[in-house]
Amino acid sequence: MKSNPSDLPAELADLLGRSRARLGPFNAVHYFSEVASTNDIAAALPEGTVVLADRQTAGRGRRGHTWFSPPGSGLYASVVLAPGRSSDPRRATSLLTLAAGVALAEGVDAASGLCVDLKWPNDLYVSRRKLAGILAETSEDRVVLGFGINTSVASYPPDLHERVTSIESELGRSVDRYPVFVETLAALSRRYHDLLLGRFDAILDAWRRRAPAAVGARVARSVDGSLVTGLTAGVDDQGALLVRMGDRLERIVSGELQWL
Ligand code: BTN
């Protein structure tokens, strides 16, 4: 399916115009009423480009999951980044999704007052329900960073209702999506700047402050076909999760982990 960009909704154009100075490289926003996945559209675009859709017909989550993306219920967006331009490209690349998680939490907080927890590697939760997720896809020297934020879950299927939440359901009032989007872009601009300048401690400190489950939470991991449980023991300087399993301290770098 070929998608054509639409004009920006007037309210969004106005907000973006007024926030231009805070958006850093994220000034070119391509808006679509419907796409398969914003990550696919962004893959062909230059660094700094932002793709936003009202609806996705084939939204992707991590590890092969689908990201349910009904119209009017969430923010489905992708930004094109180049962490290789950092003073320390390897570390910037490994901390990219942590930085993005911090930015999403800051954007939601700034626009709505809702305080969210980060859960390693890059989910946003309120209590035990997921509010937002991040999917980073790399091609050559660029990373397409896609994020989905649930603003209302009115039209979600019942099985998802149990596991997800939205800004509106948490606050008990209606919330305008576009200020959340613009504040998230502004926060992404600040945190991307931190990454490019090598200010990794600022990112890690902010992430740790918002991630209570990174220390002392019970998790399980499949090892040789059986589940081994352990207790989280923080993240290291490269963003890997440390888990104490018996007398060993394991370093987990991918998301193959169950939170118990
Ligand atoms: C996850 O938690 O599994 C990641 C979800 C990422 C969803 C977003 S919505 C915008 C972008 N386009 C996609 O197809 N996926 C990401």
Chi angles and distances behind the side chain to side chain contact (heavy atoms under 4.5 Å, CB included) call for V153, L160: CA-CA 9 Å; V153 293; L160 274 183; over 6 Å; no
Donor-acceptor pair, [X] side chain versus [Y] backbone, under 3.5 Å?
| X | Y | result |
| --- | --- | --- |
| S94 | R91 | yes |
| S169 | T165 | no |
| W120 | G239 | yes |
| S86 | D88 | yes |
| T151 | S73 | yes |
| R177 | G74 | yes |
| Y76 | P70 | yes |
| T38 | V51 | no |
| R85 | L196 | no |

Side chain to side chain contact (heavy atoms under 4.5 Å, CB included) between T232 and L241, worked out: CA-CA 7 Å; T232 58; L241 184 69; 4.1 Å; yes
Could you check [options] and say which one makes a side-chain contact (heavy atoms from CB on, under 4.5 Å) with [X]?
| X | options | answer |
| --- | --- | --- |
| L185 | N27, V79, L15 | V79 |
| F181 | I149, L12, D176 | L12 |
| M245 | V228, T229, L231 | V228 |

Any non-hydrogen side-chain atom of [X] less than 4.5 Å from a side-chain atom of [Y]?
| X | Y | result |
| --- | --- | --- |
| V215 | R208 | no |
| R22 | E183 | yes |
| Q258 | L260 | yes |
| E11 | P179 | yes |
| L114 | V126 | yes |
| I167 | V108 | yes |
| P89 | P83 | no |

[X] side, atom [atom1]; [Y] side, atom [atom2] - distance, nearest 0.5 Å:
| X | Y | atom1 | atom2 | value |
| --- | --- | --- | --- | --- |
| I203 | L195 | CD1 | CG | 4.0 Å |
| R163 | R129 | CZ | CZ | 10.5 Å |
| N122 | L145 | CG | CG | 8.0 Å |
| N4 | H30 | CG | NE2 | 13.0 Å |
| T97 | W207 | OG1 | CH2 | 9.5 Å |
| T49 | L81 | OG1 | CG | 10.0 Å |

Determine the minimum heavy-atom distance between [X] and [Y], stating which atoms define it.
| X | Y | answer |
| --- | --- | --- |
| Q56 | A36 | CB-O, 3.4 Å |
| A206 | V102 | CB-CG1, 3.8 Å |
| Y178 | L52 | CE2-CD2, 4.5 Å |
| E168 | V175 | OE2-N, 2.9 Å |
| N150 | W67 | OD1-CZ2, 4.0 Å |
| A105 | R210 | CB-CD, 3.8 Å |

Please answer: with hydrophobic residues joined when any side-chain heavy atoms are less than 4.5 Å apart, are [X] and [Y] in the same cluster?
| X | Y | result |
| --- | --- | --- |
| I252 | L96 | yes |
| L257 | L242 | no |
| L104 | L135 | no |
| L95 | L188 | yes |
| I41 | V144 | no |

Side chain to side chain donor-acceptor pair (under 3.5 Å) assessment of D54 paired with S33: CA-CA 5 Å; D54 185 47; S33 52; over 6 Å; no
Step-by-step side chain to side chain contact (heavy atoms under 4.5 Å, CB included) determination, S78 to N39: CA-CA 6 Å; S78 302; N39 270 28; 2.5 Å; yes
D14 vs R18, salt bridge (Lys or Arg N to Asp or Glu O under 4.0 Å): CA-CA, chis, key distance, verdict: CA-CA 6 Å; D14 180 50; R18 285 192 277 128; 3.0 Å; yes
Side chain to side chain contact (heavy atoms under 4.5 Å, CB included) assessment of D109 paired with V116: CA-CA 8 Å; D109 193 349; V116 300; over 6 Å; no
Crowding at CG, D7 (>12 non-hydrogen neighbours, <6.0 Å): no
Enclosure of H161 NE2 (heavy-atom neighbours >12, cutoff 6.0 Å): yes
